[in-house]
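Down below is the structure, laid out as structure tokens.
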Amino acid sequence: MCNWLSSLLVEFSRSHQTLRATKQLHALTVTTHLTQDPFYATKLIRFYAINNALHSAHILFDKTPNRSVYTWNSIIRAYAQHHQFDHAYSLFKQMLCSQCKPDNYTFSCILRACMEKTDVTSLRAAHGGLIVSDLESDSICSSALVNAYSKLGLVHEACEVFNGIVEPDLVLWNAMVMGYASCRLWHKGLELFSKMRHFGVNPDGYTLVGVISGLDGTSSLVIGEGVHGFSLKAGFCANAHVRSSLVSMYSRLNSLNSAYKVFSSSPWPDLVVWSALITGFVDGGVLEEALSLFREMNLQGQRADSLLIASVLAGCARLAAVRPAKEMHGFVLRFGYLSDAMVGSALINMYSKCGYVAVGVQVFESLQERYVATYNSIISCLATHGLASDALKLFEDMLEKGFKPDQSTFSAVLYACSLGGLVEDGQEYFRRMKEEFDIQASLEHYVHMVKLLGMAGQLELAYNLIQTMPGPPDTGVLGALLSCCVVHGNAEVGGIASSKLSAIEPENTAYRVMLSNIYASKENWEDVKILRESMVAAGLRKTPGLSWIEDNNA
DNA sequence: TTAGGGTTAG
């Protein structure tokens, strides 16, 4: 039927379409009565989506009477590509009720959407639908499933899917290797890498990235060097992704010289490889070198993005080094990054950690646009510096302005209450967090609550709160309790906390030393002697403390 | 006589 229009569409797909051209094409299909044909409607929906005109795409979709599976897929994909995963999923549910049944392309898109919105329930439901549609062995669906499950930390489910496929293709092998990496099981990834080679499957760049990005812990450095050698011999180091993951791996394993060598082998270093190197230096604590690389990157015309800037700002915060902090602040202002959510909050956090609370507040007040993350930073900043009532005022302010507080907000709020000794307020916020905002208390929240109650001398209450936790308390929660027992000289609760802590970390002497200090404060020298002797008998010694200060004149 | 797609790096 209308060959010329069909050719025009194909040509249009290959060219660089604009919104205006899409609208003209749309008009053309209307005048030639071709919008009834799902082929043309599908194409137009895709063009609208490419040009960020989701609304027009959806209107066209609504007006398309004979929707084919392609039509459904194009609108679902359009929403997914624009990160509107809820919309994508709800269209998928509508599709299930329609005449048109989803195919492997629909499922691949939906699985990714479930992963992106970290929705395990929907993911399992989609998996079920996929089995019903007899698509479980489909190559596209299986790799998308392995990917989705492992990215959400469900490595067993990912393995089950992988093991259910008789002859996995390269993409599926890669998805599983990468899946192990994202679940921090690098040894399993390495095993799978050997297995695939044993089966005669040749790895590609994706496989190597999967193996390399999983490696962690100093013991894996030798293995990393081996994989690097393999990549060099097999020619994978020409791949920019492989090089970046190598730079990042060497940085992670504290081998900054090797990281720099791999970086230097990049003929045209891109932003990712620059970021891998700079972030590596920042994390390695060599901030001056990191900053000089950052300057070099700018001189070479490579523009930083907000992710890199935020990570350098976090480095300045960690080292509490105010000079580089000011330099970075200048950079942020010169290049207009202040409107970014991550950069703004990283800047506030940095000044807070450097001890400049007033500058942090100034930055907050100067921001044109504020986000939940910005509020979290400033509340935490004020809390850290003992300005609890200002912190709580800002919390109320963010609620009034319609922001929805998250886990971190309540962490900062409870921290403010804890440092400010506001026991009743803290208890009330803890309750509201769970009941009003439906946020589950995390270990960090419990640490603040234990500190809040414990520092006020309510040690039994703090201990009872720990007993009500849904999971086992970690060293943070128990350590908070023990430190409060030291302050109040409570040997009874302190003894329980200390023994629980020593059971978790037998090598850590601090817990026994703290208990010994409680006994000493009570002049209970007999128990001090027993405890110290038991430490000597076990061959344990106290680790010396360490602190530093920046010398402006040095 | 049509059209989409699944796995990578900071």
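Letters A, B, ... are given to chains in the order of the sequence lines, protein chains preceding strands, and every chain is numbered from 1. All values below were derived from every heavy atom in this structure, side-chain atoms included, with hydrogens, water molecules and symmetry-related copies excluded.
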Exceeds 12 heavy-atom contacts within 6.0 angstrom, atom CG of A:D62:
yes

Any A:N147 side-chain nitrogen or oxygen under 4.0 Å from OP1 or OP2 of B:dT7
yes

Between A:L313 and A:V343, the two heavy atoms sitting closest are CD1-O, 3.9 Å

Which part of the nucleic acid, if any, lies within reach of A:D270 when heavy atoms closer than 4.0 Å are counted: base, sugar-phosphate only, or nothing?
base

When you measure from the side-chain N and O atoms of A:N174 to the phosphate of B:dG6, is any distance below 4.0 Å, counting only OP1 and OP2?
no

Please work out if A:L277 contacts a base, only the sugar-phosphate, or nothing of the nucleic acid, heavy-atom cut-off 4.0 Å.
nothing

Can you see if the side chain of A:R112 gets near the phosphate of B:dT7 - specifically, an N or O under 4.0 Å from OP1 or OP2?
yes

As a test of reading the structure: which of B:dG10, B:dG6, B:dA9 is closest to the side chain of A:L308, going by heavy atoms?
B:dG10

Tell me what A:S142 touches on the nucleic acid: a base, only sugar-phosphate, or nothing, going by heavy atoms under 4.0 Å.
nothing

Taking only side-chain N and O atoms of A:K151, does any of them lie within less than 4.0 angstrom of OP1 or OP2 on B:dT8?
yes

Side chain of A:S248, heavy atoms from C-beta onward: which of B:dG10, B:dG6, B:dT8 has the nearest atom to it?
B:dG10

Looking for any heavy atom pair under 4.0 Å, which part of the strands does A:D305 touch: base, sugar-phosphate only, or nothing?
base

Show the numbers, then the answer: is there a side chain to side chain contact (heavy atoms under 4.5 Å, CB included) between A:I378 and A:R370?
CA-CA 11 Å; A:I378 191 69; A:R370 291 167 187 171; over 6 Å; no

Can you check whether any acceptor in the base of B:dG6 is under 3.5 Å from a donor in the side chain of A:S108, or vice versa?
no

Residues A:V273 and A:D270: closest non-hydrogen pair is N-OD1, 3.0 Å

Once you apply a heavy-atom cut-off of 4.0 Å, does A:D103 come out as touching a base, just sugar-phosphate, or nothing?
base

Once you apply a heavy-atom cut-off of 4.0 Å, does A:L307 come out as touching a base, just sugar-phosphate, or nothing?
base

Between the base of B:dG6 and the side chain of A:D169, is there any donor-acceptor pair under 3.5 Å?
yes

Shortest side-chain distance from A:V272, nucleotide among B:dG5, B:dG10, B:dA3:
B:dG10

Do A:N257 and A:K261 have side-chain atoms, one donor and one acceptor, less than 3.5 Å apart?
no

From the set B:dG10, B:dA3, B:dT8, return the single nucleotide nearest to any side-chain atom of A:S275.
B:dG10

If you look at every strand shown and take non-hydrogen atoms under 4.0 Å, does A:G210 touch a base, only sugar-phosphate, or nothing?
nothing

Selection from B:dG5, B:dA9, B:dA3 that lies nearest to any side-chain heavy atom of A:I140:
B:dG5

Among B:dG6, B:dA3, B:dG10, the one nearest A:S143 by side-chain distance
B:dG6

Establish, with yes or no, whether the OP1 or OP2 oxygen of B:dG6 is under 4.0 angstrom from a side-chain nitrogen or oxygen of A:R77.
yes

Is the base of B:dA3 stacked against the aromatic ring of A:Y70, taking ring centres under 5.5 Å apart and planes under 30° as the test?
yes

